[in-house]
Amino acid sequence: MENINAHVGSRIRSSRRSRGMTLQQLADRIHKSRATVSKYETGEISLDIQTLYEISQVLEMPISRLADLAPAAPQAPAPLPGHGSRSPFFQAQTLYFYFFDGRYNRLKDGVIQIHKKDGAQGDAALTISSISSSGRSSEVLYAGRVVYSDMLIRFSFVNQYNALEEDLLYIFNPLELRDFTEGLLCGISSADLMPCAFKCLVTLTPQEPDDELKQHLLITPAELRRWQKLNMLIVDNHG
């Protein structure tokens with residue numbers, strides 16, 4: 001509003017001066033005090049429509065010329081991840097990885113190291129350890145690739161000790177700023193050569209491997225239904 005007042009006031013002042021008219025003369029013509037007209041011109045007070053019309057008649061200037069302030073350009077919305085700005089998971093070089101392996105009743109964690117080659121893909125390395133009451137097992141090393149999109153980030157890994165074991169890790173690329181995201185780890189297990197899929201949690205900072213984390217990693221019926229709708233995971237007993 002202050003910008004509009006100042007703009008209209010400056011138009012009135014320049015038009016008045018171009019006609020050789022004094023503040024007092026304009027004030028007399030519109031039946032206002034000299035001080036009031038001065039405040040109109042400096043933008044200190046707003047003009048009502050009736051007064052603006054009277055001034056335009058005295059100055060022989062259309063109202064459209066006195067109030068011709070162009071609207072400010074609308075502020076562009078903040079770009080979403082994948083469209084200019086990037087989410088923290090898009091930018092991260094280190095991610096922390098957790099899932100619960102129900103076959104062995106063990107929580108497993110890992111670290112993903114990412115080396116970007118360009119804006120959409122790069123190399124990735126994953127180390128996974130099993131967590132038990134006696135501590136962590138020896139690490140298993142995986143190497144592979146990472147590909148980014150607006151909604152998902154996909155990792156493809158190969159076990160460096162067993163080239164027959166390949167795993168895909170899909171995680172959501174969250175649009176909002178947060179420290180964690182969920183995903184799905186799927187592949188062929190080298191232990192029994194059977195397909196497997198695990199709900200996983202990927203975070204920007206390390207998490208405490210406690211019972212609360214374990215409960216978070218258990219798959220619920222609602223999640224199974226949601227994944228089926230997204231074609232992320234289909235479980236079917238029929239041919």
Side-chain angles (χ1 to χ4, degrees), residues 1-96 114-122 146-154 170-183 201-205 222-223 226 229-232:
M1 180 62 72
E2 290 180 0
N3 288 339
I4 296 174
N5 290 341
H7 179 81
V8 173
S10 67
R11 282 282 194 261
I12 293 172
R13 181 172 56 250
S14 61
S15 180
R16 173 181 61 77
R17 288 176 176 176
S18 69
R19 285 161 176 73
M21 187 180 295
T22 66
L23 267 175
Q24 189 61 59
Q25 288 173 329
L26 177 57
D28 291 341
R29 295 283 299 275
I30 63 172
H31 310 290
K32 300 287 184 180
S33 70
R34 183 182 183 282
T36 297
V37 174
S38 176
K39 290 181 179 180
Y40 287 154
E41 293 192 353
T42 58
E44 293 181 57
I45 57 177
S46 300
L47 277 157
D48 60 83
I49 295 298
Q50 179 63 37
T51 303
L52 182 60
Y53 174 77
E54 291 175 358
I55 291 174
S56 72
Q57 294 298 299
V58 172
L59 298 178
E60 299 178 348
M61 178 73 68
I63 291 179
S64 60
R65 290 285 302 279
L66 296 177
D68 61 351
L69 179 65
Q75 185 176 0
L80 296 175
H83 294 87
S85 68
R86 303 300 188 187
S87 76
F89 288 88
F90 198 109
Q91 301 177 45
Q93 295 180 317
T94 302
L95 295 171
Y96 300 90
I114 302 167
H115 175 66
K116 284 282 195 76
K117 286 192 171 180
D118 58 44
Q121 58 186 334
V146 57
V147 178
Y148 298 87
S149 74
D150 291 348
M151 295 299 296
L152 292 173
I153 300 175
R154 186 194 71 188
Y170 289 91
I171 64 174
F172 288 103
N173 189 13
L175 301 182
E176 72 276 13
L177 296 177
R178 55 178 165 140
D179 185 61
F180 70 94
T181 188
E182 294 179 343
L201 183 72
V202 178
T203 66
L204 298 173
T205 56
E223 287 173 324
R226 180 165 61 92
K229 289 182 180 180
L230 295 173
N231 288 327
M232 291 179 62

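Nothing fancy with the numbering, it's 1 onward along the sequence. Heavy-atom basis, side chains included; hydrogens, waters and symmetry copies ignored.
Remark: the backbone N or O of Ser149 is paired with a side-chain donor or acceptor of Asn173 at under 3.5 angstrom. The main-chain N or O of Val202 is never found under 3.5 Å from a side-chain atom of Thr181 such that the two would form a donor-acceptor pair.
Checked by atom type, the side-chain pair Glu44/Thr42 shows a donor-acceptor distance below 3.5 Å.
Once rounded to the nearest 0.5 Å, the distance linking CD of Gln93 with CD1 of Ile114 reads 8.5 Å. Between the CD atom of Gln24 and the OG atom of Ser38 there is a distance of 11.0 Å, given to the nearest 0.5 Å. Taken from OG1 in Thr36 to CG in Leu26, the straight-line distance is 11.5 Å, to the nearest 0.5 Å. In this structure, OG1 in Thr203 is found 7.5 Å from CG in Leu95, a value given to the nearest 0.5 Å. Of the inter-residue distances, the one linking Ile55 atom CD1 with Tyr40 atom OH reads 6.5 Å to the nearest 0.5 angstrom. For the atom pair OG (Ser46) and NZ (Lys39), the distance works out to 12.5 Å, reported to the nearest 0.5 Å.
Between Arg13 and Ser10 the shortest side-chain heavy-atom distance falls below 4.5 Å. Within the 4.5 Å cutoff, no side-chain heavy atoms of Val37 are placed close to those of Arg16. Within the 4.5 Å cutoff, the side chain of Ile30 has no heavy atoms near those of the Gln57 side chain.
A pairwise comparison of heavy atoms in Phe89 and Ile153 identifies O-CD1, 3.7 Å as the closest pair. The two residues Leu204 and Tyr96 come nearest to each other via the heavy atoms O-CE1, 3.5 Å. For the residue pair Asn5 and Gly43, the shortest heavy atom distance occurs at CB-O, 3.5 Å. In terms of heavy-atom proximity, Pro62 sits nearest to Ser56 at C-CB, 4.4 Å.
Within 6.0 Å of CZ on Arg34 lie no more than 12 heavy atoms contributed by other residues, nucleotides or ligands. Residue Lys116 qualifies as enclosed at atom NZ: its count of foreign heavy atoms under 6.0 Å is above 12.
For Arg29, the salt bridge (Lys or Arg N to Asp or Glu O under 4.0 Å) criterion is met by no residue, not counting sequence neighbours. Partners of Arg11 by side chain to side chain contact (heavy atoms under 4.5 Å, CB included), not counting sequence neighbours, listed by chain and number: His7, Leu66, Asp68. Checked against side chain to side chain contact (heavy atoms under 4.5 Å, CB included), Arg19 has the following partners two or more places apart in sequence or in another chain: Ser15, Leu59, Glu60, Met61. Not counting sequence neighbours, the partners of Tyr148 by the ring-ring contact (aromatic ring centres under 6.0 Å, His included) test are Phe90. For Glu54, there are no salt bridge (Lys or Arg N to Asp or Glu O under 4.0 Å) partners at least two apart in sequence or on another chain. In this structure Arg154 satisfies the salt bridge (Lys or Arg N to Asp or Glu O under 4.0 Å) test with no other residue, sequence neighbours excluded.
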